[in-house]
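When reading the values below, keep in mind they use all heavy atoms of this one structure, side chains included, and skip hydrogens, waters and symmetry mates.
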Amino acid sequence: MTLTAAEKQALIARVQQRRWFHRIRLFDDYVTPGKDMTQEKLAALDALGLPADMKGARVLDIGAWDGFFSFEAERRGAEVVALDHVEQSVTGFALASEALRSKVSWRTMNIYQLDPAVLGQFDIVLCLGVIYHLRHILLGLDRVRAVMRPGGDLFVETASIDNHVRQSDGSYGKLAQAAPGVKDAALLQLYPFRELGNDPTNFFAPNLAGLNALLGAAEFDVVKSQAGPAHFPSRAMAWAKAVPNQEAAFYRDRDEATLPARSYIKAE
């Protein structure tokens with residue numbers, strides 16, 4: 001059903017009252033005022049190998065927030081579940097969904113809670129701008145792997161250190177110049193005290209070799225990866241497939257640690 005001019009303007013007025021991250025085209029003449037370079041990120045993912053035709057695929061968008069990539073996957077023909085650790089009311093998802101007449105479903109869930117018994121399995125998983133926020137990166141990737149169908153495609157985007165490694169004086173530069181002898185080794189840089197963007201949720205950033213190694217340890221085969229894609233010099237992207245790896249699975253499954261709640265941590 002097409003909105004009337006008055007209904008459209010009323011919806012845009014509600015949209016303008018929100019703070020947006022994604023730039024989502026809601027109407028031919030209106031895009032949400034997000035700060036993210038969303039279309040450029042999509043172009044980089046397309047160049048990496050994101051399928052243009054997703055008909056018949058089941059897609060999980062982890063860290064969906066306002067929902068640009070969820071709605072794009074739906075536009076390409078997929079059945080989509082959008083997932084984030086906050087209620088959708090914190091984001092612009094519900095308004096965008098209303099404007100786009102979307103059928104994408106929303107789940108409020110932490111990445112560590114991913115469970116195939118609850119969510120089922122997916123052909124394509126998008127994990128964009130997520131893993132560098134995780135204190136337990138491999139645990140997060142293990143949970144992602146658990147909800148993927150054999151041969152499924154994972155697309156990861158993250159902060160990286162290839163072109164943006166923090167040096168001893170606090171400045172940032174290229175890893176190849178700061179430490180040429182280890183630039184191709186699998187590395188992660190830790191940010192325990194807001195060192196990256198003054199953001200307390202930024203914990204780790206890998207170099208490209210580190211990203212590829214993390215994916216391999218989580219039982220993925222990397223198809224293609226890139227550090228510093230166009231418009232994003234301090235990021236890295238990877239396309240990987242969920243394929244069986246007996247050794248990786250063995251060491252993952254023997255490390256079933258339990259992290260009990262600590263009584264001195266108070267809920268906000």
Side-chain angles (χ1 to χ4, degrees), residues 20-25 31-54 57 59-78 80 82-84 96 104 111 122-134 137 140-141 144 148 152-165 172 174-176 183-184 187-189 196-197 199 202 204-216 218 220-242:
W20 291 81
F21 179 69
H22 288 152
R23 298 175 185 173
I24 304 173
R25 185 169 295 281
V31 177
T32 58
K35 65 179 182 179
D36 187 53
M37 297 174 65
T38 317
Q39 287 291 344
E40 292 83 354
K41 193 175 295 180
L42 177 62
L45 288 165
D46 284 340
L48 189 70
L50 187 68
D53 183 355
M54 298 184 182
V59 173
L60 176 64
D61 182 13
I62 302 171
W65 204 254
D66 295 325
F68 172 88
F69 294 97
S70 300
F71 302 131
E72 178 61 24
E74 181 183 45
R75 189 187 69 79
R76 297 184 182 196
V80 185
L83 182 146
D84 216 311
V104 173
I111 191 172
F122 297 87
D123 303 290
I124 300 171
V125 173
L126 308 177
C127 189
L128 311 176
V130 173
I131 66 169
Y132 64 98
H133 293 299
L134 302 180
I137 299 177
L141 288 171
V144 171
M148 295 191 67
D153 296 298
L154 171 66
F155 292 87
V156 177
E157 183 267 341
T158 180
S160 76
I161 61 173
D162 295 271
N163 299 314
H164 198 249
V165 66
Y172 287 83
K174 290 182 178 294
L175 179 61
K183 66 181 179 63
D184 295 322
L187 303 174
L188 291 166
Q189 187 164 50
L196 183 61
D199 185 338
N202 293 339
F204 296 95
N207 64 345
L208 189 63
L211 176 59
N212 292 341
L214 284 166
L215 292 168
F220 291 96
D221 275 2
V222 176
V223 178
K224 185 178 181 181
S225 61
Q226 181 182 10
H231 304 289
F232 302 99
S234 64
R235 314 291 281 196
M237 294 181 171
W239 165 25
K241 283 192 170 289

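Below 30°, between 30° and 60°, or above 60°: for H164 and Y172 the angle between ring planes is below 30°, a parallel geometry.
Residues T38 and D66 are not in side-chain contact: their nearest non-hydrogen atoms beyond the backbone lie 4.5 Å or more apart. Under the 4.5 Å side-chain criterion, counting only non-hydrogen atoms from C-beta, F71 is not in contact with V80. Between D153 and K241, some side-chain heavy-atom pair lies under the 4.5 Å cut-off. Counting heavy atoms from C-beta on, the side chains of L141 and L134 never come closer than 4.5 Å. The closest side-chain heavy-atom distance from L126 to L50 is below 4.5 Å.
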Practice prompt. Apply side-chain contact (heavy atoms from CB on, under 4.5 Å) to the pair F155 and I124, showing each step before the final yes or no.
Written response: CA-CA 8 Å; F155 292 87; I124 300 171; 4.2 Å; yes

Worksheet item: Can you check side-chain contact (heavy atoms from CB on, under 4.5 Å) on L128 and L45, steps first, answer last?
Response: CA-CA 10 Å; L128 311 176; L45 288 165; 3.8 Å; yes

Fill in: Worked check of side-chain contact (heavy atoms from CB on, under 4.5 Å) between D199 and H133
CA-CA 9 Å; D199 185 338; H133 293 299; 4.2 Å; yes

Practice prompt. Could you please spell out the steps behind the side-chain contact (heavy atoms from CB on, under 4.5 Å) verdict for F220 and M148?
Written response: CA-CA 10 Å; F220 291 96; M148 295 191 67; 3.4 Å; yes

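The one candidate from L48, V156, L208 that meets the side chain to side chain contact (heavy atoms under 4.5 Å, CB included) condition with S225 is L208. Under the side chain to side chain contact (heavy atoms under 4.5 Å, CB included) rule, P206 has a single partner from I161, I137, T158, L187, which is T158.
Panel note: side chain N202, backbone L196; a donor-acceptor pair is recorded below 3.5 Å. At distances below 3.5 Å, not a single donor-acceptor pair connects side-chain atoms of E157 with backbone N or O atoms of M237. S70 contributes no side-chain N or O that, together with a main-chain N or O of D61, makes up a donor-acceptor pair within less than 3.5 Å. Using a distance-only test at 3.5 Å, with no hydrogens or angles considered, no donor-acceptor pair links the side chain of K41 to the main chain of F232. H231 places no side-chain N or O within donor-acceptor distance of the main-chain N or O of E40, the cut-off being under 3.5 Å. In this structure a side-chain-to-backbone donor-acceptor pair under 3.5 Å is missing from D36 to F21. Here the side chain of R23 pairs a donor or acceptor atom with the backbone of G34 at under 3.5 angstrom. Distance alone, capped at 3.5 Å, is enough to place a donor-acceptor pair between the N163 side chain and the P233 backbone. Checking side-chain atoms of T32 against main-chain N and O of H22 turns up a donor-acceptor pair under 3.5 Å. When atom types are taken as modelled, the side chain of D184 and the backbone of A209 share no donor-acceptor pair closer than 3.5 angstrom.
In this structure, D53 does not pair ionically with R76, as no charged nitrogen and carboxylate oxygen lie closer than 4.0 Å.
In this structure, F68 CZ and R75 CZ are separated by 8.5 Å, a value rounded to the nearest 0.5 Å.
Taking all atoms of both residues into account, the shortest heavy-atom contact from P33 to W20 is CD-CD1, 3.9 Å. The two residues L211 and A238 make their nearest non-hydrogen contact at CD2-CB, 3.9 Å. Closest heavy-atom contact between G63 and V130: CA-CG2, 4.1 Å. Nearest heavy-atom pair across I24 and A96 is CD1-CB, 4.1 Å.
For K183, the NZ atom counts as loosely surrounded, since its 6.0 Å shell holds 12 or fewer non-hydrogen atoms of other residues, nucleotides or ligands.
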